[in-house]
Amino acid sequence: MIKLRNYKLYLNLLMILFFISLSTTKCENLTFSLANFTKANTGPDFNFSNDAEVTQWALQITPDSSNAPESYLVNKSGRVIYNTPFQLWQPLNSTTNRAASFNTSFTFNVNPIVNTPNGEGLAFAILPTLDEPPPASHGGYLGLTNETLDGNPLNKFIAIEFDTVKQLAYDPDDNHVGLDINSVKSNATTSLKPLGIEIALNATKYTVWIDYDGAGHRIDVFMALEGVAKPGKPALSQPLDISQYVSQWSYFGFSASTSTRYELHCVLAWNLTIEILPEPKKGRRLLGWHIAVIVVGSLAGLALTGFIISLYMRRKKVGDDPSVLVGTLKSLPGTPKEFEFKELKKATNNFDENLKLGQGGFGIVYKGVLAEENTEVAVKMFSRSDKTKCQDDFLHELTIINRLRHKRLVKLLGWCHKNGLLLLVYEYMPNGSLDHHLFGGADRPLLPWDRRYTIITGVASALHYLHNEYDQRVVHRDLKASNIMLDSAFNARLGDFGLARALETDKTSYAEIELGGVPGTMGYIAPECFHTGKATSESDLFAFGAVVLETVCGRRPRCDVSGFQFLVDWVWKLHREGRLLDAVDRRLAGEFDGEEARRLLLLGMACSHPAAGERPKTEVVVQIIYGAVEPPKMPPFRPAFVWPSAVVDDLGSTSTSTMVTSSYYGSSAAGTPQCWSKEAHASTPEEVSMR
Ligand SMILES: *[C@@H]1O[C@H](CO)[C@@H](O)[C@H](O)[C@H]1NC(C)=O
Ligand SMILES: *[C@@H]1O[C@H](CO)[C@@H](O)[C@H](O)[C@H]1NC(C)=O
Ligand SMILES: *[C@@H]1O[C@H](CO)[C@@H](O)[C@H](O)[C@H]1NC(C)=O
Ligand SMILES: *[C@@H]1O[C@H](CO)[C@@H](O)[C@H](O)[C@H]1NC(C)=O
Ligand SMILES: *[C@@H]1O[C@H](CO)[C@@H](O)[C@H](O)[C@H]1NC(C)=O
Ligand SMILES: *[C@@H]1O[C@H](CO)[C@@H](O)[C@H](O)[C@H]1NC(C)=O
Ligand SMILES: *[C@@H]1O[C@H](CO)[C@@H](O)[C@H](O)[C@H]1NC(C)=O
Ligand SMILES: *[C@@H]1O[C@H](CO)[C@@H](O)[C@H](O)[C@H]1NC(C)=O
Ligand SMILES: *[C@@H]1O[C@H](CO)[C@@H](O)[C@H](O)[C@H]1NC(C)=O
Ligand SMILES: *[C@@H]1O[C@H](CO)[C@@H](O)[C@H](O)[C@H]1NC(C)=O
């Protein structure tokens, strides 16, 4: 039998093969066309927010009424969304996403109401959910955002606005088209008057064509009177890679709002054609029967291939030898480049000790220069006595990091496998790791506040991606300052996925890795891990909290400070005494933003909560850092760690069980300052192996 571990890799391989077999199938488009709107033809397919409806053969994005304006027309926002999600992009390889092209056209008009000023406007929107417009999204927010949300990258929307009010702060005039990315402050606008278009005059009907070229990364918006042919020249044309902004699966719809100025916003007809990306999973529902045949055909072919491979593997008794898989991976597109061993040997000057950048649990990292391209790289050599395990680690890191794409993750450039020696080649990070800058000694220039804030923002964003945005959730397991790399602009990049585990596998145990290296480092390990031995997204957040505090305070998570062994306990004491900001790195000599520092310290404390379920989720973390959400209120005393307690599993459901105070905090009552005592630690068997 094939061992479970290899079986998992083998499944991954099958998924890749499946993907490839599909990507060679012909591209198809999905089209719909509605010449008018009725309750019957919109009922099942569209979602209407409270203030939107269908009447007069049209979508009324804000209420259609001329009675009692105060009740029906003032300060309204509405959305009408086509409720089938479309896949707008997919990852192609480690650096590139593939975006779907789409063409859409619609006819709309804006009815002014006699003797009142017009407002506010209408937008075609790509949205991540079918949600109602956010509260207070009337006025200039067009039903898209509100004062707090505007500009937040988590909004994940792109809209083409047709705006009839000039917001003094950012609009060019009261009659323009604009490209909005996560904000109503447009990235680009065009005044329509010179094109002979007045949106809100005489309820004139206009047709708009929006063409998005997914390969060319460009959006073009054309506009003309209804019945007039599509103009040759776009009214607005912008470079745009939607994969940078919107969710992979997004919705199309319309959004509009009024303020004390109002008008009616009507969409009269709508066509859409979108390219179907060759992705298996959720796509099937959307495809025609002929695609279904291809899918079933590929599945059958795949099963056959899988069967043959498994026979082959069994006959050759190579179930334990991943080199077969390496060989196969080699021939797959989308996998990073394979390097020649001699090329890497040369690049690192025969693995010169002087070029050693660092040493981790799983290997040594060297700096190298690729002669041909004259580019600097970091080469990680896997080093463990147990060869099989070593190969597993290698393949594991390769499969995980190769599937992850985020600008805040260190990029994998390639790999090399020779005579059992395994190497991964990464982008070189000229500014080294965060801990060098925080604790590098007097010769390092002090890391200024702005940079610290940006670094934390980057780490939060990467963690959010790992936990949520990628199909299969990934826990990093080894988040710490020495694994946070800094690129030339001092942006954070998360590195070292040696310990990362896709959450769906059962391999999230700390205890399993007991050799040589230290999986997790004191001060970064969540207390529950000593009991469960399992890494979870919550334990990643605990480590993140430690990184936040260490970056703000300029002290290691485990340090001796005012009689406390853990930084977080000291910070908590200052919080209790009402002098939280005294925790900020003294070396900054007061050169920092007090509000930002308060936010980060409270966030760091919240993430250090001993109860896993109480730690904020990455989405909230990002919003707190961004300033869109207040950090949680922290009690004066750090809550005591209890085990077992309310157990929070990965799906967030909780089940309560008995409360027992753990030896970590001694048996002293909750409510007194706690710190992890050395004795208590040493008494825990798991921890001994973790040193
Ligand atoms: C379908 O998509 C292809 C390319 O994706 C494009 O060339 C073709 O014009 C589209 N067909 C229709 C009917 O829009
Ligand atoms: C609505 O569109 C359908 C075709 O989709 C057409 O048959 C019907 O006449 C249209 N009704 C009006 C009032 O335009
Ligand atoms: C409409 O909203 C504006 C600002 O959002 C507010 O000042 C005004 O009082 C509101 N008017 C009504 C009738 O709700
Ligand atoms: C990713 O794919 C793009 C487009 O096919 C290609 O230009 C690029 O070189 C690829 N990058 C890697 C690292 O394979
Ligand atoms: C969109 O229209 C352009 C021509 O205007 C065409 O080349 C392209 O294939 C169309 N794309 C889709 C997805 O239909
Ligand atoms: C939608 O497509 C149909 C058929 O191609 C066309 O007659 C109609 O004018 C289009 N409507 C819009 C709003 O573009
Ligand atoms: C969208 O509309 C469908 C059908 O009316 C409804 O079941 C669903 O709850 C709606 N979803 C949202 C998010 O409003
Ligand atoms: C904006 O919307 C968010 C999310 O729905 C909400 O939490 C926030 O209170 C809203 N802001 C305002 C000013 O109403
Ligand atoms: C658009 O504006 C947003 C918010 O200002 C900004 O984050 C983004 O980088 C801009 N995008 C482009 C393509 O200009
Ligand atoms: C708007 O309508 C009014 C009366 O219906 C008409 O006098 C005026 O010329 C129209 N304006 C334009 C620009 O069509």
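Order of listing sets the numbers, starting from 1, for every ligand and every atom in it. Worth knowing before you read on, the calculation uses all heavy atoms, side chains too, and leaves out hydrogens, waters and symmetry mates. Positions are given from 1, in the same order as the sequence printed here.
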J.: Taking both backbone and side-chain atoms of Trp57, is any N or O found less than 3.5 Å from an N or O belonging to ligand 2?
T.: no
J.: Could you pull out every donor-acceptor pair under 3.5 Å between side chains of residues 135-142 and any protein atom, sequence neighbours left out?
T.:
{"residue": "Ser137", "atom": "OG", "partner": "Ser77", "partner atom": "OG", "Å": "3.0"}
{"residue": "Ser137", "atom": "OG", "partner": "Pro134", "partner atom": "O", "Å": "2.7"}

J.: We want to know whether Ser186 and Asp180 form a side-chain donor-acceptor pair, criterion being a heavy-atom distance below 3.5 angstrom.
T.: yes
J.: Would you mind running through ligand 5 and noting each atom that sits below 4.0 Å from a heavy atom of Asp211?
T.: 5 (O)
J.: Check ligand 6 against the protein and report each N/O to N/O distance under 3.5 Å, formatted as atom name, atom name, distance.
T.:
{"residue": "ligand 6", "atom": "2 (O)", "partner": "Asn271", "partner atom": "ND2", "Å": "2.2"}
{"residue": "ligand 6", "atom": "11 (N)", "partner": "Asn271", "partner atom": "ND2", "Å": "2.9"}
{"residue": "ligand 6", "atom": "14 (O)", "partner": "Ser105", "partner atom": "OG", "Å": "2.5"}
{"residue": "ligand 6", "atom": "14 (O)", "partner": "Asn271", "partner atom": "ND2", "Å": "3.3"}

J.: Relative to the ring of Phe32, is the ring of Phe46 parallel (under 30°), tilted (30 to 60°) or perpendicular (over 60°)?
T.: perpendicular
J.: Whether Lys230 and Asp211 form a salt bridge (side-chain N of Lys/Arg under 4.0 Å from carboxylate O of Asp/Glu) is what I want to check.
T.: yes
J.: Is the number of heavy atoms from other residues, nucleotides or ligands under 6.0 Å of Lys166 NZ greater than 12?
T.: yes
J.: With no hydrogens and no angle check, do the side chains of Ser243 and Asp241 hold a donor and an acceptor under 3.5 Å apart?
T.: yes
J.: Do the ring planes of Phe86 and Tyr82 sit parallel (below 30°), tilted (30 to 60°) or perpendicular (above 60°)?
T.: parallel
J.: Relative to ligand 5, is Ile274 under 4.0 angstrom through side chain, backbone, both or neither, heavy atoms considered?
T.: neither
